[in-house]
Amino acid sequence: MISVAAELAGMHAQTLRQYDRLGLVVPSRTRGGGRRYSSRDIDRLREVQALSAEGVSLVGIQRILDLELQVEALRSRLAQVLAENEQLRNRAGQGQRVFAADLAGEVVPLRFGRRPGARSPSTALALWRPEGWPFGG
């Protein structure tokens, strides 16, 4: 409820309504339209209050909060990319594959320190068209 949230955040209920109108804090709503503030909303209200006390305008506060959300999203994505990178490095280190040309000229993957075998099954297709053939040069 807005009165409880106002008390927890240390501000007037009308201030909370104004912050809601401006989009600084967007609480969930009940079916009847009443505001429901989460603990995360209360933390955000306290942050807004602290920034306002430092003299930051409401537009500036909104920009700061938006940038904080972007930074958090980027940190999350960075952690994900670093984990994927680590997995790829581990896989690459385990197999240590290299590529070589076998006796038929095919490119084949090999484990490090191995040589291509005498024969490998080819899946290559060579297309030859005699000169002057329709659509040919």
Side-chain angles (χ1 to χ4, degrees):
M1 295 177 57
I2 195 165
S3 59
V4 175
E7 185 178 331
L8 289 172
M11 59 182 65
H12 195 275
Q14 191 59 35
T15 306
L16 268 68
R17 288 184 188 93
Q18 179 185 8
Y19 290 169
D20 186 14
R21 279 193 300 275
L22 295 172
L24 292 173
V25 177
V26 183
S28 61
R29 299 282 181 158
T30 64
R31 289 183 189 246
R35 294 172 176 88
R36 293 284 184 187
Y37 291 89
S38 67
S39 60
R40 188 174 192 182
D41 292 331
I42 301 300
D43 290 341
R44 189 170 171 118
L45 285 167
R46 288 180 180 148
E47 186 175 1
V48 169
Q49 185 180 28
L51 289 169
S52 182
E54 292 176 13
V56 180
S57 71
L58 293 179
V59 172
I61 291 171
Q62 181 64 54
R63 183 70 177 136
I64 289 169
L65 295 175
D66 289 345
L67 289 171
E68 285 178 348
L69 286 175
Q70 287 179 9
V71 166
E72 186 57 37
L74 289 170
R75 283 185 178 144
S76 176
R77 180 65 181 133
L78 176 60
Q80 181 183 10
V81 168
L82 289 174
E84 289 173 10
N85 187 16
E86 184 65 25
Q87 288 176 351
L88 291 172
R89 285 179 182 267
N90 288 339
R91 271 193 255 159
Q94 289 172 357
Q96 292 190 349
R97 287 188 157 210
V98 294
F99 295 88
D102 67 6
L103 297 176
E106 298 290 321
V107 176
V108 293
L110 300 172
R111 293 217 179 266
F112 187 73
R114 298 282 187 162
R115 294 181 161 264
R119 294 186 97 182
S120 67
S122 175
T123 58
L125 172 68
L127 181 62
W128 175 79
R129 291 187 181 151
E131 205 170 308
W133 201 63
F135 313 115

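From a predicted model like this one, the values you see are computed outputs, not experimental measurements.
In terms of heavy-atom proximity, Leu45 sits nearest to Met11 at O-CE, 3.5 Å. In terms of heavy atoms, Leu16 sits closest to Ala5 at CD2-CB, 3.7 Å.
Grouping Ile, Leu, Val, Met, Phe, Trp and Tyr residues whose side-chain heavy atoms lie under 4.5 Å apart, directly or via other members, leaves Val71 alone, with no other cluster members. Hydrophobic cluster membership of Leu78, counting Ile, Leu, Val, Met, Phe, Trp and Tyr whose side-chain heavy atoms lie under 4.5 Å apart directly or via other members: Leu82.
Arg35 CZ to Asp41 CG: the interatomic distance, rounded to the nearest 0.5 Å, is 11.5 Å. Here the CG atom belonging to Leu74 is positioned 11.0 Å from the CG atom belonging to Leu69, to the nearest 0.5 angstrom.
Residues Glu68 and Leu65 meet the side-chain proximity criterion, which asks for heavy atoms closer than 4.5 Å.
With sequence neighbours excluded, the residues that form a side chain to side chain contact (heavy atoms under 4.5 Å, CB included) with Glu84 are Arg77, Gln80. Listed by chain and number, the residues in a side chain to side chain contact (heavy atoms under 4.5 Å, CB included) with Leu67 are Arg63, Gln70 (sequence neighbours excluded).
Panel note: side chain Asp43, backbone Arg40; no donor-acceptor pair is recorded below 3.5 Å.
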Please table the atom pairs, donor to acceptor, closer than 3.5 Å between any side-chain atom in residues 21-33 and protein atoms at least two apart or in another chain.
from  : atom 1 : to    : atom 2 : distance (Å)
Ser28 : OG     : Arg36 : O      : 3.2
Arg29 : NH1    : Gly33 : O      : 2.9
Arg29 : NH2    : Asp20 : OD2    : 2.7
Thr30 : OG1    : Gly32 : N      : 3.4
Thr30 : OG1    : Gly33 : N      : 3.4
Thr30 : OG1    : Gly34 : N      : 2.9

Report all side-chain donor-acceptor pairs from residues 47-55 shorter than 3.5 Å, counting only partners two or more places apart or in another chain.
from  : atom 1 : to    : atom 2 : distance (Å)
Gln49 : NE2    : Gly10 : O      : 2.9

